[in-house]
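What follows is a set of notes on a single structure, which appears directly below.
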Amino acid sequence: MLSIRPHASAMHVLSNSGPSREALLKWYDGVHTARGMPWRKPYQHTWDAEAKAQRAYEVWVSEIMLQQTQVATVIPYYNRWMERFPTIRDLAASDIDTVNGLWKGLGYYSRAARLLSGAQKAVKEFGGRLPDNPQDMETKIPGIGRYSAGAICSIAYNQRAPVLDGNVHRLMSRLLALYASPKAKQTLDILWAGASAFVKDAELPGDVNQALIELGSTVCKVRDPACRSCPLQPWCAAYEQEEDAMSPAGHAVQDIEDLCTLCEPLPAGSPVTAYPMKAEKKKAREELDIVNVIEWRTHARGERWFLLVRRPEGGLLAGLHEFPTAPNVLVTSPTSAHIEIVHSLLAALLVTPPATAASDGQTTRRSVAPSSARIPGALRVAKVVPAGDVVHIFSHIRKTYRVQWVVLEGGSSSEGPPALVQNPDFAALGAAVPNKSKDKARGKPRTRPADGDAKARGNSSPAAHATQWARMEAVADANIGTGVVKIWRRVRALWDSEGGGNRGSDDPREQ
C-alpha cells in the first residue's frame, strides 16, 4: 500500500554542506585516478588564461563524448581526437567529414557536428577560447547546456558552478529523499540547489563536481548501490529511511506550512533504489525506411561500385553517408512501390539514368527513348533483390530499414561508373539526403560532377557534393553510421547465402 510519510520541506535542503563535502573530497582523492581518464587533471592556480582555455577545450570534448557513452568506450576515442585536434583551433579548421570519420562508432553523431560548429564559433567570435563563465558558455556555444557549462567552467576555470547530470540527479534525489516527478521544474530546482550547495565556498569546485559525478557513477548506482562504502551515507535521507522505516528521517514537521507537498506517495521503508522516481518513458515512434544498396558493376574490369549519398549538415546523423533511402514509408506499401522507389531515386541521382528509371507524376519525368533499354551496353537495372530488414534504435525512433540490393549493369565508360548529379533534389521523393529548397532546385540543368579519386568518383569535394560512388572495399571505411554498417553486413550476408561456392557472372561477391 502506498503512503507518504509527512515530512518537512527542509528535508530537501542541504543547509550545511561543509562536512559532507569534506568527506566527499577525501573519498575522491583516493579514487580519482582509478579509471585512468586522460581528461582528468588537477587544477593549477598558476595557470594563465591560455592554459585555462586549453583545459576548457579538453574538458568540453570529454563531456560531449561521455554523453550517453561509457567511460571505457570514450577513452580511446578521446586520445585519438586529441592527437588529431590538440587545440580548439585545429578542430575549427577541420570539416564535418574528417570529424565524423574520427567519431565513427561512437554514435550520436550530432555531438560531433556540435563540437565542430562550437569550435568554429569560439575561434571566430571569442579569440579561440571558450567563454570563461557558464552563462556565456551556455548561451553562445552550440551544444552546451547548463550541465556541460557547469562542468567545463568549474574544472577549467575554477568557477563555482554546479552540475546535474544523470549520476548527480540520482545521487541528489537519494541524498535528499526527493520522490517527485524527475523532470518537473520544482524537482529540478531542488536538485540544482543541492548541487549548488556543494560547490558554494568550495576552494576547488571542479574537484567537487567530478567527485559527485564519480560517486554517482561508481557507488550510488542505479541498481545495487554500495551504500555501506558511500562517503555521503551519514547524510543520506533515503538510506536513513530504508534503515529505520519507523522514524521520520530526522525532519519532523514543526509547522503545517513547512510540510512538503511535492513528494509522491511511496511505501514506507522503500529501498534507496526507489529514488529517484522513474520517469515515464515515451514510446519511440516507429518508422519504416526503404534502403537501396545500389551497385554498379563491370564484368570486363571486375569492378564493383556502390552509390552513397550524404545526409544534411543538421539533424539526425548529420553529414554522414548512407545508401539512397526513402524514409518513413507506409508499412502497408506494396513491393511494387519499393521497386518504383528505385526508379525514382535513379532518375534523381544519375545524369543519364536507365530507361526505366522514370519517376512518378510528383517529379519531372525524363524523356527516354523506349528502345534505349535494348541498346547493347546501355545502362540497365539488372536486378532488385530484397535483403531483409534491419532494426536500428535511436533515442526517439525505432527504425526498420527494409533493404533491397539493386544491381546496375552497362553504361560503362573509360571514366568509370555512371555520372552522378552533384546536388540532386530529393524533396519530392522524400529521400533522406540534402535539399535546401525544392522550388529553387527544380528546373536546374543536371551537371556532371568533377572527377574524384580512384575510390570516390563523383565527389571531389566531400563538403560540396551529396553523391559519390565508392569501391566495394572502401564502403566500410566511409563515413557511415552504425545503422548503415548493419545494412552493409546484411547485404553481404545475402551475397554469401546466394553465392554458395559458385563464382559465375552473377556472383555478387568480390571478384
Side-chain angles (χ1 to χ4, degrees), residues 68-69 100 103-111 113 280-295 306-312 314-349 359-360 362-363 381 383-407 424 426-435 466-467 470 475-476 478-498 508:
Q68 307 292 325
T69 310
N100 279 339
W103 198 271
K104 186 176 179 180
L106 201 55
Y108 299 95
Y109 285 84
S110 60
R111 297 180 296 171
E280 185 177 343
K281 290 187 177 181
K282 292 183 178 179
K283 185 178 179 181
R285 70 175 187 268
E286 299 201 11
E287 293 183 357
L288 172 67
D289 290 4
I290 306 301
V291 181
N292 304 274
V293 180
I294 299 174
E295 173 185 350
F306 291 83
L307 183 51
L308 297 176
V309 295
R310 181 190 179 90
R311 292 184 62 86
L316 190 67
L317 304 174
L320 293 178
H321 289 91
E322 64 184 5
F323 300 110
T325 300
N328 207 11
V329 175
L330 287 174
V331 176
T332 56
S333 61
T335 303
S336 59
H338 301 172
I339 301 299
E340 179 62 25
I341 285 172
V342 173
H343 298 319
S344 297
L345 286 169
L346 292 174
L349 286 165
S359 60
D360 61 19
Q362 297 298 315
T363 316
V381 178
K383 58 182 173 181
V384 179
V385 182
D389 290 353
V390 171
V391 175
H392 189 65
I393 300 175
F394 297 92
S395 59
H396 57 298
I397 307 173
R398 186 180 189 272
K399 285 275 193 185
T400 297
Y401 296 123
R402 188 146 295 162
V403 185
Q404 46 191 19
W405 170 40
V406 181
V407 179
F426 284 87
L429 300 173
V433 292
N435 176 70
T467 57
V475 172
N479 282 337
I480 56 177
T482 307
V484 179
V485 171
K486 292 180 182 178
I487 291 165
W488 183 237
R489 289 173 180 166
R490 166 72 69 173
V491 174
R492 294 192 68 116
L494 171 69
W495 299 343
D496 289 340
S497 65
E498 282 196 348

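Computed from a predicted model, the values in this text were never measured in an experiment.
The nearest pair of heavy atoms linking A348 to P424 is O-CB, 3.4 Å. In terms of heavy atoms, K104 sits closest to Y109 at CA-OH, 3.3 Å.
Q404 places a side-chain N or O within 3.5 Å of a backbone atom of H338 that can act as its donor or acceptor partner. Checking side-chain atoms of N292 against main-chain N and O of P324 turns up a donor-acceptor pair under 3.5 Å. One N or O on the side chain of R111 and one on the backbone of L106 form a donor-acceptor pair closer than 3.5 Å. With hydrogens and angles disregarded, no donor-acceptor distance shorter than 3.5 Å links the side chain of R489 to the backbone of K486.
Side-chain atoms of L346 and V381, non-hydrogen and from C-beta on, do get closer than 4.5 Å to each other. E295 has its side chain out of reach of V406: every pair of non-hydrogen atoms, C-beta onward, lies at least 4.5 Å apart. Within the 4.5 Å cutoff, the side chain of W405 has heavy atoms near those of the K383 side chain. For the pair S344/E340, a side-chain contact is recorded, criterion being any heavy-atom separation below 4.5 Å from C-beta on. Annotation: side chain of T467 is not in contact with side chain of L308 (no heavy-atom distance under 4.5 Å).
Between the CD1 atom of I290 and the CG atom of L288 there is a distance of 4.5 Å, given to the nearest 0.5 Å. In this structure, CD1 on I341 lies 6.5 Å from OG on S333, to the nearest 0.5 angstrom. Taking OG1 of T325 as the reference point, atom OH of Y401 lies at 7.5 Å (rounded to 0.5 Å). Here CD1 of I480 is found 6.0 Å from CZ of F323. Values are rounded to the nearest 0.5 Å. The distance from the CD atom of E287 to the CD1 atom of I397 is 4.5 Å, given to the nearest 0.5 Å. In this structure, L345 CG and L307 CG are separated by 9.0 Å, a value rounded to the nearest 0.5 Å.
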Show your working on ring pair (Phe, Tyr, Trp, His ring centres under 6.0 Å) between F306 and W488 and close with a plain yes or no.
CA-CA 11 Å; F306 291 83; W488 183 237; 5.0 Å; yes
Are T482 and H392 close enough, and set up right, to give a side-chain hydrogen bond (donor to acceptor under 3.5 Å, both in side chains), and what steps lead you there?
CA-CA 8 Å; T482 307; H392 189 65; 5.3 Å; no
Test log, rule side chain to side chain contact (heavy atoms under 4.5 Å, CB included), inputs L320 and R310
CA-CA 6 Å; L320 293 178; R310 181 190 179 90; over 6 Å; no
In sequence, state the C-alpha distance, the side-chain angles, and the governing distance for L494 and V385, and then conclude on side chain to side chain contact (heavy atoms under 4.5 Å, CB included).
CA-CA 9 Å; L494 171 69; V385 182; 3.9 Å; yes
For a salt bridge (charged side-chain N to carboxylate O under 4.0 Å, His left out) check, start with the C-alpha distance between K282 and E280, then their side-chain angles and the critical distance, and finish with the verdict.
CA-CA 6 Å; K282 292 183 178 179; E280 185 177 343; over 6 Å; no
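Remark: of the listed residues R402, K399, R398, K399 is the sole one forming a salt bridge (charged side-chain N to carboxylate O under 4.0 Å, His left out) with D289.
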